[in-house]
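Each ligand, and each atom within it, is numbered from 1 in the order the structure gives. Keep in mind it's a predicted model, so treat the numbers as computed, not measured. Along the sequence shown, residues are numbered consecutively beginning with 1.
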Amino acid sequence: MRALIAGNWKMNGLAEDARALAEGLKTFGDAGQLSCDLLVCPPFPYLGLVAQTLAGSRVALGGQDCHSVPSGAHTGDIAATMLRDVGCTYVILGHSERRSDHGETDAQVRAKAEAALSAGLVPIVCVGETSKERNGDQTLAVISRQVKGSVPVGMEAGRLVVAYEPVWAIGTGRTATPADVAKVHGEIRRLLVGLVGEGAEKVRILYGGSVKPDNARELLTQANVDGALVGGASLDAEAFWAIAQSC
Ligand code: PEP
């Protein structure tokens with residue numbers, strides 16, 4: 001399966017930073033020559049600017065969240081159809097920062113993922129355990145609950161991405177061991193078979209949590225790891241490109 005390397009820029013930078021980062025990605029080479037797909041998810045206000053800057057580059061564009069309904073009285077929210085309208089093809093959903101900052105539940109994440117699919121976007125549904133849950137040996141139970149509760153039912157498997165992001169590894173410089181990653185990704189694949197049947201093999205399962213150029217290859221070569229969701233290192237065009245070259 002062709003890997004996906006996705007950059008989550010989170011709430012970082014202003015317009016000039018977004019433009020420079022997108023320009024930077026273009027200077028490293030032709031994304032079409034990579035053996036993986038490249039995706040960047042800038043803050044909402046800069047999606048149009050980044051879409052323009054990346055035009056013709058084969059780097060895909062994604063949002064960091066969307067609402068579960070297509071329009072209406074939802075002040076401050078963004079519809080999946082709006083993301084599609086400005087050129088997005090993906091949207092990150094249920095990131096642990098959304099789950100903790102905004103109390104997003106599995107049911108809400110699933111409703112958003114269904115809205116994303118209806119709008120023609122590929123949802124990247126994030127799951128992952130906290131350090132407390134990990135220390136309490138709850139990792140697989142948490143992953144099972146989140147996957148079963150957040151993944152939309154009855155969708156085309158090729159249009160779904162799941163990201164395993166242990167919360168304790170996000171932005172901390174700590175990563176799960178390759179063996180732990182392989183174990184959790186294997187479990188996610190098994191859960192997906194139960195949810196989408198045979199097509200589960202086509203769902204890309206990304207690892208996220210302090211992925212850097214120097215650990216990317218080891219993580220990306222584990223069984224059932226079909227790419228990476230990258231936070232901090234995606235803010236540096238050279239580092240992000242180096243991760244993409246590890247595929
Ligand atoms: C993320 O925010 O999804 C993430 C994985 O961040 P970082 O790479 O900085 O750990």
Taking atom NZ of K202 as the centre, report whether more than 12 heavy atoms of other residues, nucleotides or ligands fall under 6.0 Å from it.
->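 Incorrect, the count does not exceed 12.
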
E16 atom CD: more than 12 heavy-atom contacts under 6.0 Å | yes

Salt bridge check, [Y] against [X]: does any charged N sit closer than 4.0 Å to a carboxylate O?
X: D226; Y: R2; value: no
X: D77; Y: K112; value: no
X: E104; Y: R99; value: no
X: R134; Y: D180; value: yes

Give the protein residues with at least one non-hydrogen atom closer than 4.0 Å to an atom of ligand 1, ordered by chain and number.
-> N8, K10, H95, E165, A169, I170, G171, G208, G209, S210, L229, V230, G231, G232

